[in-house]
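Quick notes on the structure that follows.
None of these values were measured; they are calculated from a predicted model.
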Amino acid sequence: MASTSFTTALCFFSQNPIKNLEFSSPILFSITNGVEFASNSIALTSSAGLSPATSRFSSRFARNCSSSTTPVRTLDYEFTDGSSEVELRLQLGTQEIRSSKDIFVDANETSLTIRVQRTGSIITLLETKQLFEKIKPSETIWYIDEDQLVINLKKHDSDLKWPDIVESWESLTAGSTQLLKGTSIYLIGDSTDINQKVAHELAVGLGYTPLSTKELLETFSKQTIDSWMLAEGSNAVAQAETAVLESLSSHVRAVVATLGGEQGAAGRTDAWRHLYAGFTVWLSQTEAKDESAAKEEARRHMQDSKVAYSNAEVVVKLQGWDDAHSKAVAQAALSALKQLTLSDKNLPEKSLHPIGMSR
């Protein structure tokens with residue numbers, strides 16, 4: 001994806017869960033014309049499928065909500081996207097609410113917390129630190145309609161359709177069509193195995209075609225990559241993968257897992273002319289102990305022009321690895337891609353007509 005200036009997204013994924021959150025994935029965003037960081041996490045996860053994407057989203061779910069004051073509970077709500085605003089309806093039938101003074105709604109740009117007072121104690125009905133996208137908190141309106149609490153949230157971007165109130169794997173994959181517009185995604189990094197596993201999760205979630213340069217090369221050469229390396233060396237393998245990437249550069253709606261390490265063409269600057277045909281996600285393992293250290297490491301790596309991987313649009317810093325976390329890492333990458341495309345909605349079109357050889 002070639003352009004002169006756009007947002008680079010950095011993500012730090014930790015295997016260590018944050019207390020009271022069913023899933024946590026801090027997202028770090030770096031703006032090229034002055035570094036700026038924000039950290040967000042998800043405190044509400046989906047347990048049901050989403051409605052098909054239409055011009056007006058409307059759905060009803062039973063959700064597991066994380067609460068800072070009570071155990072995880074099941075909450076029924078209805079969600080509707082009405083273009084300039086979204087509406088959330090929460091069932092209050094069993095909450096014994098006496099008046100509107102017993103309800104507390106705290107809305108910020110990217111978060112929403114709803115609490116009720118019942119028999120002298122405060123109970124959290126819903127708490128999410130990551131809405132699907134930004135809202136205008138000062139324009140939030142809420143009222144009680146019979147046994148429902150109705151909350152209207154004004155969207156920052158009226159053109160963006162929200163599949164759900166929260167940013168989750170289901171809402172990200174459902175909302176990706178309007179953002180990615182068929183643009184392919186390339187997974188790069190030092191581990192071929194990690195690239196393949198995360199690429200598979202992304203492809204299944206997005207409904208894209210999963211492709212692996214390792215599998216394509218081994219099928220073509222009728223030998224394993226390791227045996228090819230021993231026989232002809234890493235340069236030969238990297239050159240062959242470059243040819244494969246050239247062929248795949250005309251594909252759309254594909255998630256391509258590339259070779260990792262010295263075997264891979266993505267580690268060589270001269271092969272990137274074909275990777276600019278899509279969005280690139282760098283899956284980078286780190287020994288950093290916390291988010292702050294990973295953030296600084298990512299900053300250094302993205303500024304190192306000698307590292308070919310630094311050409312990637314999205315960097316996902318992995319603190320350890322377990323195959324069970326493939327989908328969580330895929331979700332973090334997709335969240336960063338969402339922010340990337342929202343920063344410049346013309347990026348998908350630019351991938352079809354790349355100009356130049358660098359970002």
Side-chain angles (χ1 to χ4, degrees), residues 17-26 38-51 56-158 160-171 175:
I18 295 178
K19 187 177 181 181
N20 290 328
L21 296 185
E22 294 183 11
F23 169 78
S24 176
S25 175
S39 179
N40 305 305
S41 59
I42 300 167
L44 182 63
T45 60
S46 172
S47 59
L50 290 163
S51 302
R56 181 179 176 86
F57 291 95
S58 180
S59 48
R60 182 187 180 100
F61 305 110
R63 298 294 177 136
N64 291 324
C65 295
S66 165
S67 168
S68 58
T69 57
T70 60
V72 173
R73 61 183 65 244
T74 297
L75 178 67
D76 288 334
Y77 71 80
E78 297 175 59
F79 173 77
T80 305
D81 184 313
S83 185
S84 63
E85 64 183 23
V86 293
E87 181 181 274
L88 183 67
R89 287 178 172 264
L90 298 177
Q91 295 294 330
L92 297 175
T94 61
Q95 298 300 325
E96 301 176 2
I97 305 299
R98 296 181 180 180
S99 74
S100 59
K101 294 181 180 179
D102 294 331
I103 299 175
F104 308 94
V105 177
D106 183 15
N108 292 307
E109 253 197 353
T110 59
S111 67
L112 176 66
T113 301
I114 303 170
R115 296 185 174 91
V116 298
Q117 181 169 301
R118 187 179 65 180
T119 61
S121 61
I122 301 296
I123 297 174
T124 301
L125 292 184
L126 183 150
E127 183 176 28
T128 175
K129 296 182 180 178
Q130 185 60 60
L131 296 169
F132 184 75
E133 192 34 36
K134 292 181 180 179
I135 61 168
K136 300 176 182 178
S138 62
E139 298 184 42
T140 298
I141 300 173
W142 65 269
Y143 58 92
I144 298 176
D145 181 12
E146 296 183 351
D147 62 345
Q148 290 184 325
L149 172 62
V150 182
I151 304 174
N152 290 313
L153 306 168
K154 186 72 69 173
K155 298 192 295 185
H156 260 286
D157 186 346
S158 60
L160 179 66
K161 296 300 181 182
W162 290 31
D164 196 4
I165 187 67
V166 295
E167 182 186 272
S168 64
W169 175 248
E170 290 82 2
S171 64

Set of residues satisfying side-chain contact (heavy atoms from CB on, under 4.5 Å) with respect to Ser84, sequence neighbours excluded: Lys154, Ser158
What heavy-atom pair brings Leu131 and Glu109 nearest, and what distance separates the two atoms? CD1-O, 4.1 Å
Rounding to 0.5 Å, atoms CD1 (Ile135) and OG (Ser111) come to a distance of 7.5 Å
Got a sec, which pairs hit salt bridge (charged side-chain N to carboxylate O under 4.0 Å, His left out) with one end in residues 137-152, sequence neighbours left out? Arg89-Asp145
For the residue pair Leu125 and Ile103, establish whether any side-chain heavy-atom pair is separated by less than 4.5 Å. no
Are the side chains of Lys101 and Gln117 in touch, meaning some heavy atoms are under 4.5 Å apart? no
Point-to-point distance, once rounded to the nearest 0.5 Å, from CD1 of Ile123 to CZ of Arg115: 11.5 Å
Going by heavy atoms in the side chains, are Ile165 and Tyr77 under 4.5 Å from each other? yes
Would a 4.5 Å heavy-atom cut-off, applied to side chains only, mark Asn152 and Tyr143 as touching? yes
Asp81 side-chain N/O to Trp162 backbone N/O, donor-acceptor pair under 3.5 Å: yes
How many angstroms lie between atom CG of Asp106 and atom CD of Glu127, to the nearest 0.5 angstrom? 9.5 Å
With side chains defined as the heavy atoms from C-beta onward, is the minimum distance between Glu167 and Glu133 less than 4.5 Å? no
Minimum heavy-atom distance Ala107-Leu153, with the two atoms named: CB-CD2, 4.5 Å
For a quick test of reading the model, state the closest non-hydrogen atom pair linking Asp164 to Phe132 and the distance between them. O-CB, 3.5 Å
How long is the span from the CG atom in Leu92 to the CG atom in Asp102, to the nearest 0.5 Å? 11.0 Å
For the OG1 atom of Thr110 and the NZ atom of Lys129, what is their distance to the nearest 0.5 Å? 10.5 Å
Roughly how far apart are Ile114 CD1 and Ile151 CD1, rounded to 0.5 Å? 3.0 Å
Compare all side-chain heavy atoms of Val86 with those of Leu88 and state whether any distance is below 4.5 angstrom. no
Exercise: identify the closest heavy-atom pair between Lys155 and Lys136: O-CE, 3.7 Å
Answer whether the closest heavy-atom distance between the side chains of Val105 and Leu112 falls below 4.5 Å. yes
